[in-house]
K.L.:
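My structure is below; once you've seen it, I'll send some questions.
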Amino acid sequence: MDQPDPSHSDSDRRLDGVPDAVLPDRRMTDRQRSICRIARVEQESGAGIWRVENISNEGVLLVSTAPMVVVGETIRMVLSESVNLVGRIVWSDAGRCGVALSRPMDAAAVLRTLAAEHRAERHRAFGPSAGVEAILALPEGAKPIDLLNISQWGADFVYGGILEPEMELKLLLPGDDIARSAFVRWVFGNRGGVWFTRSLELSLLERIKHLRD
């Protein structure tokens, strides 16, 4: 990122979702790493899915179509169920914005963690698991989709049609009367994973569990 990094005089603050083991060695120089990944970004005005264009020890470059990107706002960037980053938007221009992290990290270690989690997700999705049938709302009509391993934040799926990574979906879950917004995180053959734009209520997860059992 080309923007100056903020002072880290409060460096003993803990970075939520990132273990101490991935915090950087201060002797290492900060390097940008280009990646292609989506993150759920939580702002004061709500939450949405943004693209992560590159990441460094000190900051993140995001691409967003969000109508409100406020310079100076503190946001939370959820890259996975176990890795989330907190930072402040320091600049915004033409759909891109730079975020200075509240505390520096070891970006290479974070990316290794994310890659390992992605491999584990694929392994889990291909293993035996009880699932439920949901309704996928597409422009050409509604179609059934099997959801596995449902959590508050996302689910794995089995689907006979074509879905692409980063595709936005509307899902009607069993026991629910609201079409939930989600994004496709990954696809391999007829299986993949989705993230919900907003986390599911625990009461809905309980209803789904009872229906599945």
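Computed from a predicted structure; not experimentally measured. Throughout, residue positions are numbered sequentially from 1 according to the sequence presented.
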K.L.:
Any donor-acceptor pair under 3.5 Å linking the side chain of S199 with the backbone of Q152?
P.N.:
no
K.L.:
Tell me, please, which residues at least two apart from I162 pass side chain to side chain contact (heavy atoms under 4.5 Å, CB included).
P.N.:
E164
K.L.:
To the nearest 0.5 Å, tell me how far L101 CG sits from S56 OG.
P.N.:
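It is 7.0 Å, given to the nearest 0.5 Å.
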K.L.:
Drop me the distance from W186's CH2 to W195's CH2, to the nearest 0.5 angstrom.
P.N.:
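These two atoms lie 14.0 Å from each other.
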K.L.:
Taking all non-hydrogen atoms of both residues, which atom of L204 and which atom of G175 are closest, and how far apart?
P.N.:
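Looks like CD1-O, 4.0 Å.
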K.L.:
Output yes when a side-chain donor or acceptor of N57 lies under 3.5 Å from a complementary backbone atom of A107, and no otherwise.
P.N.:
yes
K.L.:
Distance-only, no hydrogens or angles: does the E168 side chain make a donor-acceptor pair with backbone N or O of F183 under 3.5 Å?
P.N.:
no
K.L.:
When you compare the side chain of V70 with that of E44, does any pair of heavy atoms fall below 4.5 Å?
P.N.:
no
K.L.:
Atom CG of L114 and atom CD1 of I55: how far apart are they, to the nearest 0.5 Å?
P.N.:
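Interatomic distance, L114 CG to I55 CD1, rounded to 0.5 Å: 7.5 Å.
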K.L.:
Say you draw a straight line from CG of D177 to CG of L172; how long is it, rounded to the nearest 0.5 Å?
P.N.:
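Atom-to-atom, D177:CG and L172:CG are 8.0 Å apart.
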K.L.:
If you group Ile, Leu, Val, Met, Phe, Trp and Tyr by side-chain heavy-atom gaps below 4.5 Å, do L202 and V132 land in one group?
P.N.:
yes
K.L.:
Taking salt bridge (charged side-chain N to carboxylate O under 4.0 Å, His left out) as the test, write out the residues that go with R40, two or more places apart.
P.N.:
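Partners of R40 under the salt bridge (charged side-chain N to carboxylate O under 4.0 Å, His left out) test: E42.
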K.L.:
Of all residues at least two apart in sequence or in a different chain, which pass the side-chain hydrogen bond (donor to acceptor under 3.5 Å, both in side chains) check with S181?
P.N.:
K170
K.L.:
Could you report the tightest heavy-atom contact between I150 and A155, atom names first, then the distance?
P.N.:
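Heavy-atom minimum between the residues: CG1-CB, 3.8 Å.
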K.L.:
Yes or no on side-chain contact (heavy atoms from CB on, under 4.5 Å) for L173 and L200, after CA distance, side-chain angles and deciding distance?
P.N.:
CA-CA 10 Å; L173 304 175; L200 301 182; 3.8 Å; yes
K.L.:
Could you tell me which residues satisfy salt bridge (charged side-chain N to carboxylate O under 4.0 Å, His left out) with E201, sequence neighbours excluded, listed by chain and number?
P.N.:
R180
K.L.:
Specify the closest pair of heavy atoms between F196 and A182, including all atoms of both residues, with the distance to one decimal.
P.N.:
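The answer is CD2-CB, 4.0 Å.
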K.L.:
So do the side chains of V69 and W50 get within less than 4.5 Å of each other, counting heavy atoms only?
P.N.:
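Side-chain contact under 4.5 Å: yes.
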K.L.:
To the nearest 0.5 angstrom, please state how far the CD1 atom of I89 sits from the CD atom of E73.
P.N.:
5.5 Å
K.L.:
Looking at V71 and V90, what are the two nearest heavy atoms and their distance?
P.N.:
CG1-O, 3.7 Å
K.L.:
Rounded to the nearest 0.5 Å, what separates atom CD1 in I208 from atom OG in S203?
P.N.:
9.5 Å
K.L.:
Taking only distance into account, with no hydrogens and no angle test, what donor-acceptor pairs under 3.5 Å do side-chain atoms of residues 135-147 form with protein atoms, sequence neighbours excluded?
P.N.:
none

K.L.:
Under the salt bridge (charged side-chain N to carboxylate O under 4.0 Å, His left out) rule, collect the residues that match up with R96, sequence neighbours excluded.
P.N.:
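Here the qualifying residues are E53.
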K.L.:
Would you please test I75 and L62 for side-chain contact (heavy atoms from CB on, under 4.5 Å) and show each step?
P.N.:
CA-CA 12 Å; I75 62 174; L62 298 172; 4.0 Å; yes
K.L.:
Indicate yes or no: at least one non-hydrogen side-chain atom of L169 is less than 4.5 angstrom from one of L163.
P.N.:
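Counting from C-beta outward, L169 and L163 do come under 4.5 Å.
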